[in-house]
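Since the structure comes first, as structure tokens, the remarks are kept for the end.
The basis for the numbers below is simple: all heavy atoms, side chains too, and nothing from hydrogens, waters or symmetry mates. First listed ligand is number 1; within each ligand, the first listed atom is number 1.
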Amino acid sequence: MTILDKIADRVAEHPPPGPFRRRSWRSPLRGPWLTSVLGLTLLVGLLVVIVTGLLSYASYNPNLAGNDPTVHRGLLGFYLFSWPTHPVWLYRLTQSLHVTLGLVLVPVVLAKLWSVIPRLFAWPPMRTVAQVVERVSLLMLVGGIVFEMVTGILNIQLFYAFPFSFYTAHLFGAWVFIAGFVVHVAVKLPKALRSVRRRRLRDELRTPLARTAPEEREADQADSLVPDSPAPPTMSRRGALAFVGAGSLALLAVTVGQDVDPLRRTALLAPHGHTYPDGPNGFQVNKTAKFRGISSAKAGDSWSLQLRGARTLTLTRADLLALDQRTYRLPIACVEGWSTEQVWTGVPLRDLAAKVGMAPAEVFVESLQKAGSFGSVRLSSGQVADGRTLLALKVNGADLSLDHGFPARVIVPAGPGVHNTKWVRRLTFGAGS
Ligand SMILES: Nc1nc2c(c(=O)[nH]1)N[C@H]1C(S)=C(S)[C@@H](COP(=O)(O)O)O[C@H]1N2
Ligand SMILES: [Mo]
């Protein structure tokens, strides 16, 4: 034994007081079975959140010039593909899953962190290289999930009110988390699968407080989640699981309404979910005309639409209404999780392209909006080619309200809300335009 090993042993034998001493952690519920039940739940749930999150990034057309504020994304866009326009509810489904599940899993994440918190104070903090690697991966995992949940929830409530780009920060945070997640699953999955088999969930759900006992100690005593000197239980394991499950269900109950039109009023957590006027324009508004500095003067009689392609053309709203009108029932699905389906009437973008001598091509959409996000966007040639992609003039049979984009707005099937530019002023067809 070298002198260094001896010093290391002495350090290990003398943890600082408080949480670094194993005996200060006494809950009889902590143990590998409980941690594994929570961990495997998160494995499945967070996989869905990760996949739908990556899809959300792909849906923004980040490969088209000017759409992606993420300057140094490096290899992170390796999987991107051209976002389809079928089925029309595609983004509505992926994004409501992402946001709803992300919220519903918050109590499970907190319970999982509680179940392993003694490990945070393991003493000595790190001894082998393997431990150092594990701790760094845990920092990425835990730091990543906390960052993603906090930025995600704040964005649902505040709508991009950050001093930095939510979009870029949430994307980078996601990849830090994903890296930690992959390492953690690779290291822990075999043990988690072994640990859940040690007790049957059904038996555990039948065990009352009076018969609640600590789990069996694992072979590696020093690293065990089972406490050295357990306190008497104050809650059964089924009580703890029910507490977490009830938290998740409560979050689900006050969230689902933002994606189900008849349940809109139950969406207590959705700030834009339940206050809107009656009538054909009576559905959520994301960023009002006032907020975006759009006056009814600018969007009124003096307004006209500029079309640019092989030639240019200016059309008034009356000119547009005189063209062939199409009507489709299409959703608006916002990145913040809310969605709705309405009936839109207007002119297909591909007809407008034809007016200026263009086959369906990429289009750069510009609005009257001078500052702030989402005032312009680039749509793919595939989106323009789909005859249901409209420059909408009406909704549910009535003129668009100013807040919903009067005189004209884009509606793209299957796309994210940010592609449905309101108060459109100019359409420029052609790649790199
Ligand atoms: N010009 C402009 N268009 C915009 C926005 C905007 O801020 N400015 N917000 C977008 C976002 S994020 C969404 S979800 C939809 C919402 O449309 P609505 O307010 O009519 O429901 O409009 C999109 N179009
Ligand atoms: Mo949005």
Side-chain angles (χ1 to χ4, degrees), residues 56-57 59-61 66-67 69 83 91-92 94-96 98-99 152 154-162 165-167 170 258-259 261 264 267 270-277 279-296 298-299 303 305 329-346 349 363-379 383 389-396 398-427:
S56 187
Y57 181 60
S59 78
Y60 274 58
N61 296 346
N67 279 356
W83 190 253
Y91 189 77
R92 194 177 192 198
T94 60
Q95 194 61 10
S96 59
H98 182 72
V99 171
L154 286 179
N155 198 51
I156 304 173
Q157 296 299 319
L158 305 174
F159 293 42
Y160 296 98
F162 294 97
S165 163
F166 162 79
Y167 177 89
H170 205 68
Q258 67 173 341
D259 293 300
D261 286 304
R264 192 73 58 201
H272 294 214
H274 44 103
T275 48
Y276 51 86
N281 276 277
F283 55 96
Q284 300 93 315
V285 171
N286 190 349
K287 303 298 183 198
T288 59
K290 186 159 172 250
F291 183 87
R292 287 304 193 203
I294 308 294
S295 65
S296 40
K298 274 199 286 178
W303 177 87
L305 174 74
R329 187 177 181 84
L330 295 170
I332 291 188
C334 185
V335 66
E336 292 125 23
W338 67 262
S339 60
T340 184
E341 218 173 67
Q342 306 293 335
V343 178
W344 305 93
T345 301
L349 288 199
V363 66
F364 184 52
V365 181
E366 292 166 274
S367 71
L368 295 169
Q369 185 184 319
K370 292 253 158 48
S373 312
F374 316 131
S376 64
V377 77
R378 199 176 294 272
L379 302 177
Q383 287 169 320
T389 301
L390 298 180
L391 184 69
L393 306 166
K394 298 183 172 217
V395 63
N396 301 317
D399 284 345
L400 293 171
S401 67
L402 191 58
D403 279 342
H404 282 306
F406 185 87
R409 75 171 305 165
V410 168
I411 290 290
V412 189
V418 293
H419 285 175
N420 299 323
T421 309
K422 305 194 270 192
W423 317 294
V424 172
R425 165 175 67 96
R426 183 187 295 137
L427 297 173

For this session: Using modelled atom types only, decide if a donor and an acceptor are shared between the side chain of Trp344 and the backbone of Leu391 within a distance under 3.5 Å.
Result: no

Under 4.0 Å from a heavy atom of [X]: give me the atoms of ligand 1 that qualify, with their elements.
X: Ser367; value: 1 (N)
X: Ile332; value: 17 (O), 21 (O)
X: Trp423; value: 1 (N), 2 (C), 8 (N)
X: Thr421; value: 3 (N), 24 (N)
X: Val418; value: 12 (S)
X: Ser373; value: 7 (O)
X: Val285; value: 19 (O), 21 (O)
X: Lys287; value: 7 (O)

Exercise. Can you find an N or O of Asp403 that's nearer than 3.5 Å to an N or O of ligand 1?
Worked result: no

For this session: Please say whether Asn420 places an N or O atom under 3.5 Å from an N or O atom belonging to ligand 1.
Result: yes

Exercise. Is the closest side-chain donor-acceptor distance between Asp259 and Ser339 under 3.5 Å?
Worked result: yes

What are the two closest heavy atoms between [X] and [Y], and how far apart are they?
X: Leu305; Y: Arg426; result: CD1-N, 4.1 Å
X: Asn420; Y: Ile411; result: OD1-CA, 3.4 Å
X: Gly417; Y: Ile332; result: CA-CG2, 4.4 Å
X: Ala299; Y: Ile294; result: CB-CG2, 4.3 Å

Exercise. Do you know which of Gln95, His98, His170 makes side chain to side chain donor-acceptor pair (under 3.5 Å) with Ser56?
Worked result: Gln95

Problem set entry | Whether His419 lies under 4.0 Å from ligand 1, heavy atom | no

How does [X] reach ligand 1, if at all, at less than 4.0 Å between non-hydrogen atoms: by side chain, backbone, both, or neither?
X: Gln369; result: side chain
X: Trp338; result: side chain
X: Glu336; result: neither
X: Leu368; result: neither

Problem set entry | Whether Tyr91 and Tyr60 hold their rings parallel, tilted or perpendicular, with breakpoints at 30° and 60° | perpendicular

Problem set entry | Residue of the set Asn396, Leu400, Asp399 for which side-chain contact (heavy atoms from CB on, under 4.5 Å) holds with Pro280 | Asn396

For this session: Would you indicate which of Arg409, His404, Gln284, Arg425 comes nearest to atom 17 (O) of ligand 1 when only heavy atoms are counted?
Result: Arg409

Exercise. So do the side chains of Trp338 and Asn286 get within less than 4.5 Å of each other, counting heavy atoms only?
Worked result: yes

